[in-house]
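Please read the structure below before turning to the comments.
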Amino acid sequence: MPELPEVETVRRGLAPILENTRIAKACAHAPKLRVDIPKDFNQRLSGALVTRLTRRSKYILMECEDGLVAILHLGMSGRITIHTAGSEHPARAKHDHITLLTENGDLVVFNDARRFGLLVFSSVSEIDQHALIKDIGPEPLGNGFNSAHLAAGLAKRKSPIKTSLLDQKLVAGLGNIYVCEALWRVGIAPTRLANTLSAEEIEALVPIIRTILEEAIAAGGSTLKDYAQVSGELGYFQHSFKAYGREGEPCIAKGCQATIERIVQSNRSTFYCPNCQK
DNA sequence: CGGCCAACCTGTGCGC
DNA sequence: TGCGCACAGGTTGGCC
């Protein structure tokens with residue numbers, strides 16, 4: 001789930017709870033996720049004033065007044081749940097690894113069954129040079145992501161376009177689902193080698209990637225409106241994908257009679273329409 | 001360096 | 001009901 005739109009949805013859900021708010025008590029309950037949680041996690045965040053929540057690619061950055069930045073990644077199975085002040089705060093559940101209790105009495109819980117997520121510290125001044133951040137490509141919704149950048153990046157790649165778009169150095173934030181969706185919508189076969197795409201195809205791909213991500217963020221936003229009334233769980237909203245997960249089902253493109261197929265590329269499933277995507 | 005694979009973990013769903 | 005296997009939205013270290 002957590003590709004750029006889901007991470008952005010989580011960030012937007014957390015922002016009103018955490019920004020300009022002091023953390024009363026921070027607790028890390030697991031020694032490590034993908035990497036070690038800082039030993040001084042509880043000490044450094046308990047009492048800290050959160051000034052901003054931002055996002056870079058699939059990382060959520062929690063900035064504190066003293067310049068500390070907590071870098072959070074949800075991995076494959078990471079979830080954030082908010083239990084607002086006044087609601088019952090449940091006992092810690094299996095795989096609840098990190099909890100933040102705010103001065104207002106809101107409780108933020110990070111749960112990650114597979115522990116592919118991570119939380120590490122950096123600082124405002126060093127964040128851009130942090131090993132996890134520095135090589136990431138442009139944000140797909142920003143000006144740095146354009147057909148010139150994409151064309152230059154694809155020209156030197158001999159791997160399939162599907163695999164190339166998953167490379168975070170080329171463009172930030174795309175994952176398996178939205179790459180499949182973008183290639184379906186633009187009509188490009190996932191197996192095409194990156195350096196064989198025409199200028200026109202690249203030109204078409206850029207706005208399609210943007211649109212798909214923006215639509216997904218909007219869909220997440222629409223579920224955010226009532227998250228507090230429902231479950232408090234952020235980031236796992238219902239989606240109707242056009243290609244992803246639809247193996248054996250009919251392609252829904254107008255006039256297309258073909259069936260969505262699944263192949264494996266670089267050990268990841270790819271879903272595509274063999275008729276629409278050339 | 002580019003490209004590919006295995007590995008990191010646990011949970012779920014399916015066929016038998 | 002239980003067992004074994006395939007597979008899951010991400011990233012990276014190691015190997016050609």
Side-chain angles (χ1 to χ4, degrees), chain A residues 1-11 29-37 55-60 71-80 93-98 110-120 130-137 140 152-184 190-196 209 212-213 215-217 219-220 223 233-248 260-272:
Chain A
M1 181 69 159
E3 301 183 32
L4 186 152
E6 292 73 36
V7 176
E8 177 61 19
T9 299
V10 171
R11 188 198 66 78
H29 304 100
K32 69 173 296 204
L33 298 170
R34 203 173 84 213
V35 300
D36 289 351
I37 296 173
R55 179 190 56 74
R56 176 74 170 101
S57 190
K58 299 169 192 169
Y59 294 96
I60 290 173
I71 305 176
L72 174 68
H73 194 288
L74 300 174
M76 294 273 262
S77 56
R79 304 164 185 228
I80 298 275
K94 196 175 184 182
H95 306 308
D96 282 353
H97 302 307
I98 291 171
F110 174 68
N111 179 290
D112 183 6
R114 295 176 74 180
R115 300 203 304 280
F116 287 176
L118 66 80
L119 190 143
V120 294
H130 192 281
L132 292 170
I133 304 286
K134 65 181 171 59
D135 294 326
I136 297 176
L154 293 179
K156 50 190 177 191
R157 286 169 199 257
K158 294 174 180 169
S159 48
I161 182 64
K162 158 75 188 315
T163 311
S164 301
L165 291 174
L166 283 177
D167 187 342
Q168 304 295 298
K169 295 189 191 70
L170 179 64
V171 54
L174 293 180
N176 208 34
I177 291 178
Y178 294 110
V179 168
C180 289
E181 293 298 296
L183 290 176
W184 179 85
T191 48
R192 284 269 302 283
L193 297 188
N195 61 7
T196 69
I209 287 172
I212 289 204
L213 296 177
E215 287 175 359
I217 291 171
T223 69
E233 184 170 304
L234 298 173
Y236 281 77
F237 41 90
Q238 290 302 312
H239 249 306
S240 56
F241 301 118
K242 306 292 204 305
Y244 184 86
R246 298 193 65 246
E247 180 183 17
I260 299 294
E261 292 185 6
R262 182 179 83 95
I263 57 174
V264 175
Q265 297 177 283
S266 298
N267 291 329
R268 313 291 306 277
S269 288
T270 299
F271 299 87
Y272 74 107

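Chain letters run A, B, ... following the sequence lines, proteins first and then strands; every chain starts at 1. Keep in mind the model is a prediction, meaning the values are calculated, not measured.
In this structure, A:I98 and A:D112 have side chains that are not in contact, with every pair of non-hydrogen atoms separated by 4.5 Å or more. Residues A:L132 and A:L118 are in side-chain contact: their nearest non-hydrogen atoms beyond the backbone lie under 4.5 Å apart. Side-chain atoms of A:I177 and A:F241, non-hydrogen and from C-beta on, do get closer than 4.5 Å to each other. Looking at A:L4 and A:P140, their side chains come closer than 4.5 Å, going by heavy atoms from C-beta outward.
Between the CG atom of A:L170 and the P atom of B:dG2 there is a distance of 12 Å, rounded to whole Å. Here C:dG10 presents its P atom at 15 Å from CD1 of A:I60, a figure rounded to the nearest Å. When rounded to the nearest whole Å, the span between CZ of A:F241 and P of C:dA8 equals 14 Å. Atoms NZ (A:K134) and P (C:dT12) sit 11 Å apart, rounded to a whole Å. C:dT11 atom P lies 9 Å from atom CG of A:L118, rounded to whole Å. Atom CG of A:L166 and atom C1' of C:dT11 are 11 Å apart (whole Å). If you measure from atom CG of A:N111 to atom P of B:dG11, you get 10 Å, rounded to the nearest angstrom. Distance A:D135 CG to C:dG10 P: 19 Å, rounded to the nearest Å.
Distances shown here put every side-chain N or O of A:K32 at or beyond 4.0 Å from the OP1 or OP2 atom of B:dC8. Of the side-chain N and O atoms in A:K94, one or more sit less than 4.0 angstrom from OP1 or OP2 of B:dG11. Dashed line: the shortest gap from a side-chain N or O of A:R268 to OP1 or OP2 of C:dG10 is under 4.0 Å. Put simply, A:H73 has a side-chain N or O that comes within less than 4.0 Å of OP1 or OP2 on C:dT11. In this model, the phosphate group of C:dG10 is not approached by any side-chain N or O of A:R34 to a distance below 4.0 Å at OP1 or OP2.
Nearest nucleotide to the A:H95 side chain, out of C:dT11, B:dA6, B:dT10: B:dT10. Among B:dC9, C:dT11, C:dC7, the nucleotide with an atom closest to any side-chain atom of A:R262 is C:dC7. The side chain of A:E3 lies closest to C:dG10, out of C:dA8, C:dT12, C:dG10. In the set B:dG11, B:dC9, C:dA8, the nucleotide with an atom closest to the side chain of A:Y244 is C:dA8. Of all nucleotides listed (C:dA8, B:dC5, C:dT12), B:dC5 comes nearest to the side chain of A:N267. Comparing B:dC9, C:dT11, B:dG11 against the side chain of A:Q168 picks out C:dT11 as the nearest.
Using a 4.0 Å heavy-atom cutoff across all strands shown, A:N176 reaches sugar-phosphate atoms only and no base atom. A:L132 comes within 4.0 angstrom of the backbone, heavy atoms only, and of no base.
Nucleotides of DNA chain C nearest to A:R114 and A:A131 differ in position, and the one nearer the 5' end is that of A:R114.
For the residue pair A:N111 and A:K94, no side-chain donor N or O sits within less than 3.5 Å of a side-chain acceptor on the partner.
Using a distance-only test at 3.5 Å, with no hydrogens or angles considered, a donor-acceptor pair links the side chain of A:E181 to the main chain of A:A243. At least one donor-acceptor pair closer than 3.5 Å links the side chain of A:R55 to the backbone N or O of A:S57. Side chain of A:E215 to backbone of A:I212: no donor-acceptor contact under 3.5 angstrom is found.
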(request) In sequence, state the C-alpha distance, the side-chain angles, and the governing distance for A:E8 and A:L213, and then conclude on side-chain contact (heavy atoms from CB on, under 4.5 Å). (result) CA-CA 10 Å; A:E8 177 61 19; A:L213 296 177; over 6 Å; no
(request) Check the pair A:L183, A:T270 against side-chain contact (heavy atoms from CB on, under 4.5 Å), reporting the backbone distance first and the verdict last. (result) CA-CA 10 Å; A:L183 290 176; A:T270 299; over 6 Å; no
(message) What verdict does the side-chain contact (heavy atoms from CB on, under 4.5 Å) test give for A:V171 and A:I209, after you've listed the backbone C-alpha separation in whole Å, the side-chain angles of each residue and the deciding distance to 0.1 Å?
(response) CA-CA 10 Å; A:V171 54; A:I209 287 172; 5.6 Å; no
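Side-chain N/O atoms of A:R115 and base N/O atoms of B:dC9 include no donor-acceptor pair closer than 3.5 Å.
Taking the P atom of each, B:dC9 and C:dG14 are spaced 15 Å apart, rounded to whole Å. A distance of about 23 Å separates the C1' atoms of B:dG11 and C:dT12, rounded to the whole Å.
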(request) For DNA chain B, produce a single dot-bracket line, 5' to 3'. Pairs: Watson-Crick or G-U wobble, both distances under 3.5 Å. Symbols: ( ) within strand, [ ] crossing, | other strand, . unpaired. (result) .|||||||.|||||||
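DNA chain B lies under 4.0 Å from at least one heavy atom of each of the following residues of residues 156-164 of chain A: A:R157, A:K158, A:S159.
Per the stacking criterion (ring centres < 5.5 Å, plane angle < 30°), A:F116 stacks onto the base of B:dC8.
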